[in-house]
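Heads up: the structure comes next, in structure tokens.
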Amino acid sequence: MLSPNFLSTDNVFNVLRQVAVITILAYGAMTLIIGGMIDLSAGAVMAFAGVASVMVYKSTGNLLFGVLAGIAVGMICNLINAFLVATLRTPAFIVTLGMMLMARGAVLELTQGQNVLQLGDFILIGQGNLGWLPIPVLILIIVTIVIWYLMNQTRYGRSVYAVGGNEEAARAAGIAVEKVKYQAFLVNGALVGIAGVIFMSRVNAGLPNAGIGYELQAITAPIIGGTSFSGGVGTVFGTLAGALIVGVLGNIMNLIGIGSYVQQIVMGLIIVVAVAYDVFSKRGKARTTILKSDAKGDTLPTAREGTVPAGGGTAAS
């Protein structure tokens, strides 16, 4: 309604190409958030992986080697994150914040701050078509199917939900919590690497400063799509819907001429509203559950004045 160009074929395919990178990043963020973790380094690691992929391709002339190099860099960075978070029990927020700075510094040092140009056939990954279907959209479809299978049809996926829902209960149930965290970070690393390859191919350059703020968009998409920021809840198709909402909203604002600064304000409001709604709705559900339990007489007795708690001692008045 706001723009006659919105539903044009070219614009729809343009949106899908743009959304492909953010959605793939969002699947990685979703996996970690469901598992009770977070990744603030996704944008910087994506740039590092993408530039490494471009440089390997230019050195070898082999497209497969270039793609594998990008995925490897993403997984190595996230393996370091996993070691610090799962083995050393360091908060994921701090670890990935540090990795964000290290990855950005590494890619700037690698390129000396210069863009890598003349990519040749590398651009086919982000700009080519397979028939009428853009290759980035085809990759997105494949990644969506794989992530859906991992999260819904495998032991790994159920373990991620269990760890995010209640880590101590998952540990007591025999789930190898540290192993699950390692796996979640490695899956995230592979997705970040793939996103980096597609991004650099789309822009036809290896940009060391690429991906700034992408980690926030990657976190926004699953939250809008129903993933709980407190862990244990989320779906692949909800994340896909959230990414499409973010992508379409950005596209609409571009088409009607809203400035980039205002767009940042809008995206920030979306994040705050989505998280606040998640917290509020959970609080309401918890209160409803307590009231239902009380009506059935199933609630645990509370200590009152003049009674002795089960563990002994004097009850507080």
Side-chain angles (χ1 to χ4, degrees), residues 20-33 35 37-60 62-86 92 95-111 116 119 122 125-126 136 139-140 142-144 146-147 150 156 160 181-203 205-219 221-222 239 243:
V21 172
I22 290 299
T23 306
I24 292 172
L25 288 176
Y27 288 150
M30 175 203 72
T31 303
L32 291 176
I33 293 171
M37 298 168 285
I38 196 170
D39 181 16
L40 298 179
S41 65
V45 174
M46 184 194 81
F48 190 12
V51 169
S53 176
V54 167
M55 296 180 75
V56 169
Y57 170 72
K58 292 196 67 172
S59 299
T60 64
N62 190 305
L63 192 57
L64 179 60
F65 284 174
V67 173
L68 292 177
I71 295 173
V73 169
M75 294 182 74
I76 290 170
C77 290
N78 275 267
L79 184 62
I80 296 171
N81 286 340
F83 173 74
L84 294 170
V85 172
V95 169
T96 57
L97 181 62
M99 178 55 70
M100 176 180 70
L101 299 174
M102 290 188 288
R104 186 67 68 185
V107 69
L108 288 170
E109 176 65 25
L110 182 64
T111 61
V116 182
L119 304 192
F122 192 86
I125 299 173
I139 296 173
L140 174 60
I142 294 171
V143 169
T144 300
V146 171
I147 296 299
L150 283 176
Y156 155 76
V160 172
K181 290 183 177 181
Y182 268 90
Q183 291 172 332
F185 270 109
L186 288 175
V187 168
N188 179 61
L191 294 173
V192 170
I194 293 170
V197 171
I198 296 173
F199 181 91
M200 299 304 170
S201 178
R202 280 195 66 246
V203 299
L207 306 179
N209 283 311
I212 295 175
Y214 272 47
E215 60 278 347
L216 299 180
Q217 293 186 51
I219 292 170
T239 298

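By convention here, the first residue in the shown sequence is residue 1.
- Residue A190 comes nearest to M75 through the heavy atom pair N-CG, 3.6 Å, listed as atom of the first residue, atom of the second, then distance.
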Contacts under 3.5 angstrom, residues 51-60 side chains, donor-acceptor by atom type, not counting sequence neighbours:
| unit_1 | atom_1 | unit_2 | atom_2 | d |
| --- | --- | --- | --- | --- |
| S53 | OG | G66 | O | 2.6 |
| Y57 | OH | D121 | N | 3.4 |
| K58 | NZ | L117 | O | 2.7 |
| S59 | OG | M55 | O | 2.9 |
| T60 | OG1 | V56 | O | 2.9 |
| T60 | OG1 | N62 | N | 3.1 |

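- By the side-chain contact (heavy atoms from CB on, under 4.5 Å) test, A72 is found to be paired with no residue, residues two or more places apart in sequence or in another chain being considered.
- Expressed to the nearest 0.5 Å, how far CD1 of I33 lies from CD1 of I219 amounts to 5.5 Å.
- Taking both residues in full, the closest heavy atoms of G126 and P136 are given as O-CG, 3.2 Å, listed atom of the first, atom of the second, then distance.
- A donor-acceptor pair is defined here as one N or O able to donate and one able to accept, closer than 3.5 Å; such a pair exists between the side chain of E215 and the backbone of G43.
- Considering all non-hydrogen atoms of both residues, F122 and S201 come closest at O-OG, 2.7 Å.
- The shortest non-hydrogen separation linking G193 to A49 is CA-CB, 3.9 Å.
- The structure places CG of N81 at 12.0 Å from CD1 of I38, a figure rounded to the nearest 0.5 Å.
- Take L216 and apply the side-chain contact (heavy atoms from CB on, under 4.5 Å) test, not counting sequence neighbours, and it matches no residue.
- The closest side-chain heavy-atom distance from L191 to I147 is below 4.5 Å.
- Residues that satisfy the side-chain hydrogen bond (donor to acceptor under 3.5 Å, both in side chains) test with N78, not counting sequence neighbours, are N188.
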Can you give me every donor-acceptor pair (side chain of residues 99-111, partner residue at least two apart or in another chain, under 3.5 Å) with its distance?
| unit_1 | atom_1 | unit_2 | atom_2 | d |
| --- | --- | --- | --- | --- |
| R104 | NH1 | P208 | O | 2.9 |
| R104 | NH1 | A210 | O | 2.7 |
| R104 | NH2 | A210 | O | 3.1 |
| E109 | OE2 | Q112 | NE2 | 3.4 |
| T111 | OG1 | V107 | O | 2.9 |
| T111 | OG1 | G113 | N | 3.3 |

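- Note that CG of L150 and OG1 of T31 are 8.0 Å apart. Values are rounded to the nearest 0.5 Å.
- In this structure, L79 CG and L84 CG are separated by 9.5 Å, a value rounded to the nearest 0.5 Å.
- Considering only residues two or more places apart in sequence or on other chains, T96 meets the side-chain hydrogen bond (donor to acceptor under 3.5 Å, both in side chains) condition with none of them.
- Residues forming a side-chain contact (heavy atoms from CB on, under 4.5 Å) with I139 (at least two apart in sequence, or on another chain): I24, I125, I135, V143, I194, I198.
- Closest heavy-atom contact between I22 and Q217: CD1-OE1, 3.6 Å.
- Applying the ring-ring contact (aromatic ring centres under 6.0 Å, His included) rule to F199 yields the partners Y214; only residues at least two apart in sequence or on another chain are considered.
- With sequence neighbours left out, T23 forms a side-chain contact (heavy atoms from CB on, under 4.5 Å) with V19, Y27, L140, L240, A243.
- Contact between A26 and A221 at its shortest, heavy atoms only, is CB-CB, 3.7 Å.
- F185 CZ to I80 CD1: the interatomic distance, rounded to the nearest 0.5 Å, is 12.0 Å.
- Proximity of V21 to M46: side-chain heavy atoms (C-beta onward) are separated by under 4.5 Å at one or more points.
- Within the model, atoms CD1 of I76 and CD1 of I71 stand 12.0 Å from one another, a figure rounded to the nearest 0.5 Å.
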